[in-house]
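Encoded as structure tokens, the structure appears first; notes follow it.
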Number of protein chains: 2
Amino acid sequence: MTAARTGRTQAHRREQSRTALLESAARALSTYGYTNVNLERVARDAGYTRGALYHSFGGKEQLALAVVEWVDETWHSEVRGALREHQEDAASLVREIARAHARFCRRDIAGVMTTLRVEFAGQQHPVGEAVARATRKVVDDCTRLVEAGRQDGSIPEGPPADVVARAVVGAVEGLTIYLGGAAPHDELLADQAVVGLLSL
Amino acid sequence: MTAARTGRTQAHRREQSRTALLESAARALSTYGYTNVNLERVARDAGYTRGALYHSFGGKEQLALAVVEWVDETWHSEVRGALREHQEDAASLVREIARAHARFCRRDIAGVMTTLRVEFAGQQHPVGEAVARATRKVVDDCTRLVEAGRQDGSIPEGPPADVVARAVVGAVEGLTIYLGGAAPHDELLADQAVVGLLSL
DNA sequence: AAAGATACGTACACGTATGTATGTTAAGCA
DNA sequence: TGCTTAACATACATACGTGTACGTATCTTT
């Protein structure tokens, strides 16, 4: 009954190790990018060795893919999902998302997507494609909102909706990077940028 | 008199090789980043081998530094310098710069700075620091313009000038990346974003 | 409690890319 | 025309990190 004594069953132990590795990997990927990530350092920062890492993940690529999936889910639950119930006009919703996204970007894990997207831009790599898919979801979502806003009259006409949507997502992302989480200005300026891009 | 026959003096030959290597390196750095750059590929794409590269440049780091310097000079002469004579109000000048920057970003070499900045963000690497210095020059320049605009009344009050300047530079950069040189919308939307950020 | 399974550590093989040392060709100069 | 130097190519040494094989410790099951 060693499990009861230590309070750690195998499943619990595994899950704990896995999340510790994931968090460490997210920080490392955000800081160093995919290629420059050292799996030994990732494991050591989590309190393990590369052996543990290769036991829980297939390798560097699978680890990165797991991190991307994790960050993507976190974004959707904390940024997008938190605004589902709001039933305002589309323009206000885009502005709300931009502000929530700016707040999300203050956390260190947020940089994972940006770093990986830039690193794999122009290549065709599984990790880069996973990031591109996640980004595309956000842009498509924003595109629909712009189209909706132009129908309900809250957003005036302008460039094609998908172009505007890409501009919004890109501007907010670039802006938050340069501000480096300078609250509360990041949130305010993200909003201002969206106002300008949507000609509100 | 072989030089006269081939029309290539040593100095000319060296300069030609150097620029060919620089251009190839700029494309490669923009696409693959610093770590993933393969010097053999860089040299081959320029029509040489690594021997030629190591003859003209001290190594990978020196090559990257030379590329950064070259891109920085190009930016200043084509984006900033081209607007020196215009004596409009500061707000219009910022908007002009944003538009010119968007046009500049359509070219493949523009991505060098973005790629390297993201790759070396959080580290202290000579190349990263060179990029940071170049970026800082742009931001400082923009900061002065915002301050000037608030004095001549063309830009209303708001967050600190340096914060607004960082937001402007970051937003335009992120925006142009996401649009991927989708003329003419990139230029228009960069302008719109600046209008929003400056509350014009 | 013993045997099996799972979590994790250690050691090594392998590929890849940089840097350097050495060779070869082309240009400047007597 | 022959010698010197610069431009460039080739070959080798080295370092680094990934992946994998194997060993050890901890948990589970009967």
Side-chain angles (χ1 to χ4, degrees), chain A residues 1-25 28-29 31-67 119-120 123 125-127, chain B residues 1-25 28-29 31-67 119-120 123 125-127:
Chain A
M1 266 195 210
T2 322
R5 184 159 47 76
T6 58
R8 298 180 73 187
T9 178
Q10 286 281 66
H12 181 221
R13 186 185 177 194
R14 178 183 180 88
E15 184 61 25
Q16 198 166 309
S17 304
R18 193 186 146 88
T19 55
L21 261 350
L22 267 182
E23 286 177 8
S24 175
L29 284 172
T31 308
Y32 303 106
Y34 181 80
T35 307
N36 280 354
V37 148
N38 188 321
L39 293 187
E40 184 172 339
R41 203 170 237 177
V42 168
R44 202 174 53 213
D45 288 355
Y48 299 90
T49 66
R50 281 173 52 245
L53 202 157
Y54 274 91
H55 181 66
S56 283
F57 301 94
K60 192 175 190 177
E61 190 173 306
Q62 304 247 3
L63 174 66
L65 288 171
V67 169
E119 183 168 0
F120 292 115
Q123 269 99 320
H125 188 282
V127 175
Chain B
M1 269 196 210
T2 324
R5 185 159 43 79
T6 58
R8 297 179 74 190
T9 179
Q10 287 282 65
H12 181 221
R13 186 185 177 194
R14 179 184 180 86
E15 184 62 25
Q16 198 166 312
S17 304
R18 192 186 146 88
T19 55
L21 261 350
L22 267 182
E23 285 177 10
S24 176
L29 283 172
T31 309
Y32 302 107
Y34 182 79
T35 308
N36 279 354
V37 148
N38 187 322
L39 293 186
E40 184 171 339
R41 203 169 238 176
V42 168
R44 202 174 54 213
D45 288 355
Y48 299 89
T49 66
R50 280 173 53 245
L53 202 156
Y54 274 91
H55 181 68
S56 284
F57 301 94
K60 192 176 190 177
E61 191 174 304
Q62 305 247 3
L63 174 67
L65 288 171
V67 169
E119 182 168 2
F120 291 115
Q123 270 101 321
H125 188 283
V127 176

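These numbers come from the heavy atoms of this one structure, side chains and all, not from hydrogens, waters or symmetry mates. Order of the sequence lines sets the chain letters (A, B, ...), proteins ahead of strands, with each chain counted from 1.
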Q) If you draw a 6.0 Å radius around CD in B:E40, do more than 12 non-hydrogen atoms from other residues or ligands fall strictly inside? A) no
Between CG of A:L63 and P of D:dG19 the distance, given in whole Å, is 10 Å
Between OH of A:Y48 and P of C:dT10 the distance, given in whole Å, is 15 Å
5' to 3', nucleotides 17-22 of chain C under a 4.0 Å protein heavy-atom cut-off (B base, S sugar-phosphate only, - none) gives SBBB--
Rounded to whole Å, CD of A:E15 lies from C1' of C:dT6 at a distance of 15 Å
**Message:** Check the phosphate of D:dC8 against B:S17, side-chain N and O only, distance under 4.0 Å to OP1 or OP2. Yes or no?
**Reply:** yes
Name the pairs: protein N/O against N/O of nucleotides 13-15 of chain D, kept only if under 3.5 Å.
none

d(B:E15 CD, B:L22 CG) to nearest 0.5 Å is 8.5 Å
Point to revise | Backbone N/O of B:V42 and side chain of B:S24: donor-acceptor pair under 3.5 Å | key: yes
Enumerate donor-acceptor pairs with a distance under 3.5 Å from any side-chain N or O in residues 56-67 of chain A to protein atoms, sequence neighbours excluded.
{"residue": "A:K60", "atom": "NZ", "partner": "A:Y34", "partner atom": "O", "Å": "2.9"}
{"residue": "A:K60", "atom": "NZ", "partner": "A:T35", "partner atom": "O", "Å": "3.2"}
{"residue": "A:K60", "atom": "NZ", "partner": "A:V37", "partner atom": "O", "Å": "3.3"}

B:R14 CZ to D:dT5 P, in whole Å, measures 16 Å
Under 4.5 Å between any side-chain heavy atoms of B:L53 and B:Y48, yes or no? no
Here the distance between atom P of D:dA6 and atom CZ of B:F57, to the nearest Å, is 18 Å
dist A:N36:CG -> A:T31:OG1 (nearest 0.5 Å) comes out at 11.0 Å
Separation of D:dT18 atom C1' from A:R44 atom CZ, nearest Å, is 16 Å
B:L21 CG to D:dA7 C1', in whole Å, measures 12 Å
Heavy atoms of A:A46 and A:L21 approach each other most closely as CB-CD1, 3.6 Å
(request) Report yes if the side chains of A:E119 and A:H125 come closer than 4.5 Å at any heavy-atom pair, otherwise no. (result) no
Mind checking whether A:Y32 and A:N38 have side chains closer than 4.5 Å, heavy atoms only?
-> no
Atom NE2 of B:H55 and atom P of D:dA7 are separated, to the nearest Å, by 4 Å
